[in-house]
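Every chain is numbered from 1 and lettered A, B, ... according to where its sequence line falls, protein lines coming before strand lines.
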Amino acid sequence: MPIRLTNSLTKTREDFVPLDPANVRMYVCGPTVYDFAHIGNARPAIVFDVLFRLLRHEFGEGHVTYVRNITDVDDKINARAAEIAAQTGVAVEQARSDLTATTERQYIEDVTALGCLPPSVSPRATQHIGEMIGLIEKLVANGHAYAAPSSNGEGAHVLFDVQSDDDYGKLSRRSLDEMMAGARVEVAPYKKGAMDFVLWKPSDAGTPGWDSPWGRGRPGWHIECSAMAGKYLGDTFDIHGGGIDLQFPHHENEIAQSECAHHKPYVKTWLHNGFLQVEGEKMSKSLGNFFTIRELLADWPGEVLRFNMLRTHYRQPIDFTFAGLRESWKMLERWYAVTEPLANPSPDAAFFDALRDDLNTPAAIAALHQASPDALAGGLGFLGFSNVQMKIAAKAEVDTVAIADAIAARNAARKAKDFAESDRIRDEWLAKGIVFKDTPQGTTWEVKK
RNA sequence: GGCCACGUGGCGGAGUGGUGACGCAGCGGACUGCAAAUCCGCGUACCCCGGUUCAAUUCCGGGCGUGGCCUCCA
């Protein structure tokens, strides 16, 4: 059975046939490194990590290239760095490089805790300015982009001429007329067309900039992905993933830039994960339901967060809830109790068939419920779960010596048929979140969640 | 306002033009001093209104609700 994927470009579920089975190529939009990643950012990281694992399984570990970029040039970064510089007195350049380096490191730590494998390549935008300029020059030369001098005469904006691209709108399925009709933004005076977007913009003295044919400036948002994807994956590659909110304008513009520059199809299969809500509401700081991965990891094992995410199909909207997290924890704990002693884990056919069917992780999890212990352990391992982290989290900050003493005292009471005392000890520890279990092999305990 | 997605049992969540996926919770039973854990058993759900059809939760149209994009937020 081939892998089938729902292609946003065609809106149909298609058999996935790689352009080159010896080098299957996937690009996923990574983080802009100015602050901790939130739980919504975790979704594409986890979803496309599972796809990466599946592709490696199908085509061989050495035959898949997965690129996830780091956006380290951005006006949000500049704004945050300026704030930090003002508060701490450090130079703004230093604040900026510290901010991006620190945030990138935190992101890697977070997604690693969520069980994600490192991508094959994690390119940084600032290290590919030359490639971006090259791409922009190409677009200017072939008439798809134009330079508009800035009002103060220093440097120029370079804009992509949307009218020059007959295919513009093919991903998000909207015509230019529709976009114009719905537009609520004032059009910058230097634009020829209202929907034209920035490839390059001038930088003033306090803003990071690079020398270019259009003066000192910095890249627009979309060009970095086209440049880096092209460099590491070629003019045409297999899969491009990201959140549904990036479909327009970001991915639409990537297509426009790359296809007008190279006159070749950019991406064969576009994949978009659905949006995340928290407790039935939009996640926002003002509603007080905004959670970073970092703060959730303080209370929940990364595996629980990961499993919780995979219980919903990647294209569906997901409602992130703490009740769901507790349920996920419970399911994993039960499974780990069964799989722990096994030596020959191997996923079964039902499990793989579910994953091949448009990465249907809820169906794969259902298959796991019906699986033999070996197939269960294999499936869990395949999805990136191992119980080590759970055990650490579950038994952290627990006084195991005191628990052992309590168990001994309780068993002495039980032997003497002093059940009032034995139940008192059990209830005392239950109140502390420790559950005692009497088994034929003796009394064990675990943390209640 | 324009475009788009989603709406399944108490909860989560697949899927399908015609036989109740699966999980959590709950209930009954076994086990236990009593529990917990485990095992066995138990559930006629598909937002509303039309239409197509022998048959619709599944297809089509409209409505309502939630959310996304159109404002460099995955």
Side-chain angles (χ1 to χ4, degrees), chain A residues 8 11 28-32 35 37-48 71 73-77 169 172-175 177-186 194-195 197-198 201 219-222 224 241-253 272-277 280-284 290 308 310-319 321 323-331 333-334 337-338 350 354 357-358 360-370 413-415 417-420 422-423 426-427 430 434-440 443-446 448:
Chain A
S8 303
K11 287 215 175 180
V28 174
C29 291
T32 299
D35 202 351
H38 57 68
I39 186 66
N41 297 311
R43 174 115 101 145
I46 292 169
V47 161
F48 294 110
T71 298
V73 50
D74 180 276
D75 286 348
K76 284 199 297 294
I77 294 173
S172 50
R173 290 189 160 61
R174 29 186 128 183
S175 67
D177 288 345
E178 279 170 4
M179 290 188 253
M180 306 286 218
R184 295 188 308 194
V185 228
E186 272 189 52
M195 298 307 296
F197 58 90
V198 173
K201 51 188 166 186
W221 175 35
H222 316 293
E224 60 165 292
I244 185 68
D245 57 322
L246 289 183
Q247 190 174 62
F248 188 89
H250 183 53
H251 292 158
E252 192 72 62
N253 292 353
H272 290 100
N273 62 271
F275 218 71
L276 175 140
Q277 284 181 267
E281 287 183 303
K282 179 185 173 121
M283 179 169 75
S284 72
F290 186 95
N308 195 247
L310 295 177
R311 287 171 60 199
T312 302
H313 184 93
Y314 75 92
R315 271 189 296 106
Q316 291 287 111
I318 191 170
D319 188 17
T321 66
L325 241 31
R326 281 188 288 275
E327 195 176 310
S328 293
W329 188 322
K330 189 177 297 183
M331 287 164 71
E333 276 190 332
R334 284 184 184 176
V338 177
D357 185 15
D358 199 24
N360 194 333
T361 51
I365 289 167
L368 254 26
H369 283 294
Q370 316 304 315
R414 290 176 68 208
K415 203 163 186 181
K417 306 251 187 244
D418 184 357
F419 297 121
S422 68
D423 289 351
R426 186 173 63 199
D427 291 345
L430 184 61
I434 304 297
V435 184
F436 289 173
K437 303 176 181 181
D438 300 326
T439 75
T443 301
T444 64
W445 62 273
E446 65 184 35
K448 180 183 163 198

Review point. Which is true for A:Leu276 with a 4.0 Å heavy-atom rule: it touches a base, it touches only sugar-phosphate, or it touches nothing?
Key: base
Exercise for review: Indicate, with a heavy-atom threshold strictly under 4.0 Å, whether A:Gly242 touches base, sugar-phosphate, or nothing.
Suggested key: sugar-phosphate
Point to revise | For A:Pro362, all residues meeting side-chain contact (heavy atoms from CB on, under 4.5 Å), sequence neighbours excluded | key: A:His313, A:Asn360
Review point. Mind checking what makes side-chain hydrogen bond (donor to acceptor under 3.5 Å, both in side chains) contact with A:His38, not counting sequence neighbours?
Key: A:Asn41
Study note, to complete from the structure: To the nearest angstrom, the CD-C1' distance between A:Glu252 and B:C3 comes to 12 Å
Check your understanding: Can A:Glu252 and A:Ser172 be counted as having a side-chain donor-acceptor contact under 3.5 angstrom?
Key -> yes
Check your understanding: Which pair of non-hydrogen atoms, one from A:Phe436 and one from A:Thr443, has the smallest distance, and what is that distance?
Key -> CB-CG2, 4.3 Å
Check your understanding: Roughly how far, to the nearest 0.5 Å, is CD1 of A:Ile244 from CG of A:Asn273?
Key -> 8.0 Å
Practice item. Remember a base hit wins even if backbone is also touched, and classify A:Pro249 as base, sugar-phosphate or nothing at under 4.0 Å, heavy atoms. Key: sugar-phosphate
Revision key, fill the gap. Smallest heavy-atom separation, A:Ala354 atom then A:Ala364 atom, equals CB-N, 3.4 Å
Exercise for review: Apply side-chain contact (heavy atoms from CB on, under 4.5 Å) to A:Ser422 and list each qualifying residue two or more places apart in sequence or on a separate chain.
Suggested key: A:Arg410, A:Ala413, A:Arg414, A:Phe419
Practice item. Take atom CG of A:Asn253 and atom P of B:C70, then tell me their distance rounded to the nearest Å. Key: 11 Å
Check your understanding: Nucleotide by nucleotide, 5' to 3', does protein get under 4.0 Å of the base (B), only the sugar-phosphate (S), or neither (-) in nucleotides 12-17 of chain B, counting heavy atoms?
Key -> SSSS--
Check your understanding: Quick one: does A:Arg43's side chain have a donor or acceptor within less than 3.5 Å of a partner on A:Gly243's backbone?
Key -> no
Exercise for review: Rounded off to whole Å, could you give me the CD-to-P distance for the A:Glu333 and B:U38 pair?
Suggested key: 10 Å
Practice item. For A:Arg311 and A:Ser328, test the side chains for any donor-to-acceptor distance below 3.5 angstrom and give the result as yes or no. Key: yes
Review point. Which ranges of RNA chain B pair up as stems, where a stem means three or more consecutive Watson-Crick or G-U pairs with both distances under 3.5 Å?
Key: B:1-7 with B:64-70, B:10-12 with B:22-24, B:26-30 with B:38-42, B:47-51 with B:59-63
Check your understanding: Taking OP1 and OP2 of B:G68, is either one under 4.0 Å from a side-chain nitrogen or oxygen of A:Lys282?
Key -> yes
Point to revise | A:Phe275-B:A74 aromatic stacking (under 5.5 Å, under 30°) | key: yes
Review point. In whole angstroms, how far is the P atom of B:A74 from the CD1 atom of A:Ile39?
Key: 14 Å
Point to revise | Integer-rounded Å distance: B:C22 P and A:Gln370 CD | key: 6 Å
Review point. Taking protein heavy atoms under 4.0 Å as touching, what does nucleotides 26-35 of chain B look like 5' to 3' if B marks base contact, S marks sugar-phosphate-only contact and - marks none?
Key: -------BBB
Revision key, fill the gap. Per atom distances to the A:Phe248 side chain, the nearest of B:C70, B:A25, B:G23 is B:C70
Review point. When the nearest nucleotide of RNA chain B is assigned to A:His222 and to A:Val435 on a heavy-atom basis, which residue is associated with the more 5' position?
Key: A:Val435
Exercise for review: Please work out if A:Lys415 contacts a base, only the sugar-phosphate, or nothing of the nucleic acid, heavy-atom cut-off 4.0 Å.
Suggested key: nothing
Check your understanding: Are A:His272 and A:His251 close enough that their ring centres sit under 6.0 Å apart?
Key -> yes
Practice item. Round to the nearest Å and state the distance from A:Met331 atom CE to B:G23 atom P. Key: 9 Å
Study note, to complete from the structure: From CG of A:Asp427 across to C1' of B:A36 the rounded distance in Å is 12 Å
Practice item. Of all the heavy-atom pairs spanning A:Thr312 and A:Thr361, show the shortest one and how long it is. Key: O-OG1, 3.7 Å
Point to revise | Distance test, side-chain N/O of A:Lys330 to OP1/OP2 of B:G23, below 4.0 Å | key: no
Revision key, fill the gap. In short, A:Asn308 meets A:Ile318 closest at the heavy-atom pair O-CD1, 4.1 Å
